[in-house]
2 protein chains.
Amino acid sequence: MVSEERRVRILAVAKRLGYRPNLMARAIQTGRSHIIGVSVPPIGDFGSRMVCGIHEVLVVSDHLPLLHWRTPDPSADPERIRSAELAVVNALLDYRVDGVILFPADDWVLDLHFRELHRRGVPLVTVDRQLQQVAADFVGTDDRYGARLAAEHLLALGHRQVAQLAGAMSYGTYADRSDAFEETIRSAGGTCVTLEKPALSELAGTIFQTNRLLDSRPRPSAVFLAHDHLASGVFAAAAARGLQIPRDLSVIGFADLAHAALLHPPLTTVRQDTEAIGRRAADLVLRRCLGQEIGEPVRLRLVPELIVRASTASISQGRE
Amino acid sequence: MVSEERRVRILAVAKRLGYRPNLMARAIQTGRSHIIGVSVPPIGDFGSRMVCGIHEVLVVSDHLPLLHWRTPDPSADPERIRSAELAVVNALLDYRVDGVILFPADDWVLDLHFRELHRRGVPLVTVDRQLQQVAADFVGTDDRYGARLAAEHLLALGHRQVAQLAGAMSYGTYADRSDAFEETIRSAGGTCVTLEKPALSELAGTIFQTNRLLDSRPRPSAVFLAHDHLASGVFAAAAARGLQIPRDLSVIGFADLAHAALLHPPLTTVRQDTEAIGRRAADLVLRRCLGQEIGEPVRLRLVPELIVRASTASISQGRE
DNA sequence: GTGAAAGCGCTAACAT
DNA sequence: ATGTTAGCGCTTTCAC
């Protein structure tokens, strides 16, 4: 140990000279950059809050997020998208990040895709999408539980003939929601017609599918949406044929985006705590960096919460 | 020059071995980390889009944003907040970022606050808030022009007795909006009563001030909001006294947040292109890094755009 | 054109 | 307890 007096004096001089350690130089030596690569586009409610959660945890642990995400590629060729994603991860690696938090483009990348990460011993945590074939940690939402919440809410209101507008089944997230919802409805003796929404967030597509849903006989008294985003389209389609929400049709979403509460009527939905997902992901990646949390990939699914608003109502009111 | 054949062979071997240059090591040598420190919280519509714009430009120029913002401090002591901000900038500096993009906490920091940046020759670009006493580049919105746009819109609709709910005048942004709005109204022969909103985004405070505005005689037929955020409160206050928008009161905002279009009625507002602000800021900081763009601090104010929706209407309809 | 050597700012492993 | 040295992975300079 150095003597206390010396220590103080040195520190004083250092400050007077305006000395600041060069973390790059330190990183090169210690092999720890204290930088975490974050490939989560801070777009919309979802990504923003995730990034905030990540930042919050990293900062208190003396780390910083280096942001880099795939620039959206209209050519929906999955192979191109994947290789773009790989390029992003590798770029992050070039900066010698200690770990990577990734919101993957899809669920079906192969493990060897991330060979470079493994070779370097850099931990990978994916958020929201769980990679099937990759040995990586994962933090997301308990989609099955959330869908069950939605189904039970509808059942409790007396709905038996229901429908759902599902997301692309190629994403585990949407498959889980759809599956668990249908199962819950069925096992309570209800019927559920499921339609898949081709590409998310296309208003026209949503309206088209909603119309098909509303044409099925008997007409469903409630509809579960794979994502809040779809609500505007569903509301529009319902309004177009003079159906009132929730009197003629109950609608329940998933996510609880900021705009859900602003819709007319405000949307009942299943709330994901996105910020918490970010926090847990950061936590995990940090723990892996410290060499704790060894062994099998961790799969964390945070419990969502039912937020009842005005877009769902008891079936007894009026019709049927 | 190396011979072409050798070059190709070397590169091939490098790839086979999975060689990736260590950018940290390179940075330490060249003095360029190719990292830009970004202190813009990606929160809400505003920060998110700004960060996206920044990212977009940085990436194509082979740079990456290192994110680090001040964690919001409820103790509104300006001195504490400033020193927290300084700490953030210094932390960024420790990573040897090539430049800094900052969304400042307030407009009144002194130049010596950023001494460390100057000493190191690290360029600073502030967004949205222009630091009065600091020799830094700035990219923001032409607030005066935007406010004039709003005023002229109202005037064109026939409004002469108008009001505004202004933001805290300690921010240049809000002072400019308020001032230019009032001036435009006045010089057209109208009258304008101005009330300052104590702390932004407090619903109760907004409602209270709106009530005061609506109590003034003659009652204003239109109100200009320093920020879209205030709209919910104003709408609520108007509804509470049975006033219909826009029939009894026209409302115009500033920003064009995503929720503006979702309000009932949809909010007429002045749109800032936040993403473009981010892009220009990144552009500027990059140029400074290259040593171009020498000399006086650049002050860029992007031209906003009037978005007419349903919350404003001609005064001729009905009253007065 | 190519190889060797110095050095960037630091840490870690040694001596003293 | 303190001082010295080697070396992290790169770029730059200067011989060859």
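These values consider heavy atoms only, across backbone and side chains, with no hydrogens, waters or symmetry-generated copies. Residue numbers start from 1 in every chain, and the chains themselves are labelled A, B, ... in the order their sequence lines are given, proteins ahead of strands.
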Reading DNA chain D 5' to 3', how would its secondary structure be written in dot-bracket notation, given Watson-Crick and G-U pairs with both distances under 3.5 Å, brackets [ ] for crossing pairs and | for partners on other strands?
..||.|||||||||||
For nucleotides 5-9 of chain D, print each protein N/O atom paired with a nucleotide N/O atom at under 3.5 Å, atom names and distance only.
residue : atom : partner : partner atom : Å
D:dG7   : N2   : A:Q29   : OE1          : 3.1
D:dC8   : O2   : A:Q29   : OE1          : 2.9

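- Atom CZ of B:R280 has 12 or fewer neighbouring heavy atoms from other residues, nucleotides or ligands inside a 6.0 Å radius.
- Whole-Å rounding puts the A:M24 CE to C:dG7 P distance at 23 Å.
- Looking only at distances, a side-chain donor or acceptor of B:H34 sits under 3.5 Å from a matching main-chain atom of B:D62.
- Side chains of A:R80 and A:S75: a donor on one and an acceptor on the other come within 3.5 Å.
- Using cut-offs of 30° and 60° for the angle between ring planes, the A:H227 and A:H229 rings count as parallel.
- In this structure, B:R119 and B:L117 have side chains that are not in contact, with every pair of non-hydrogen atoms separated by 4.5 Å or more.
- Remark: A:R20 engages B:D94 in a side-chain hydrogen bond (donor to acceptor under 3.5 Å, both in side chains) (not counting sequence neighbours).
- When side chains are defined from C-beta on, B:I101 counts as touching B:I54, because their heavy atoms get closer than 4.5 Å.
- C:dC10 and D:dA1 have their P atoms separated by 24 Å, with the value rounded to a whole Å.
- In this entry the distance linking CZ of B:R7 with C1' of C:dT2 reads 17 Å, nearest Å.
- Contact check for B:V139 versus B:V125: side-chain heavy atoms found under the 4.5 Å cut-off.
- The distance from atom CZ of A:R32 to atom P of C:dG9 is 24 Å, rounded to the nearest whole Å.
- Computed from coordinates, the B:L23 CG to C:dC8 C1' distance equals 16 Å when rounded to whole Å.
- Separation of the P atoms belonging to C:dA6 and D:dT5 is 15 Å when rounded to the nearest angstrom.
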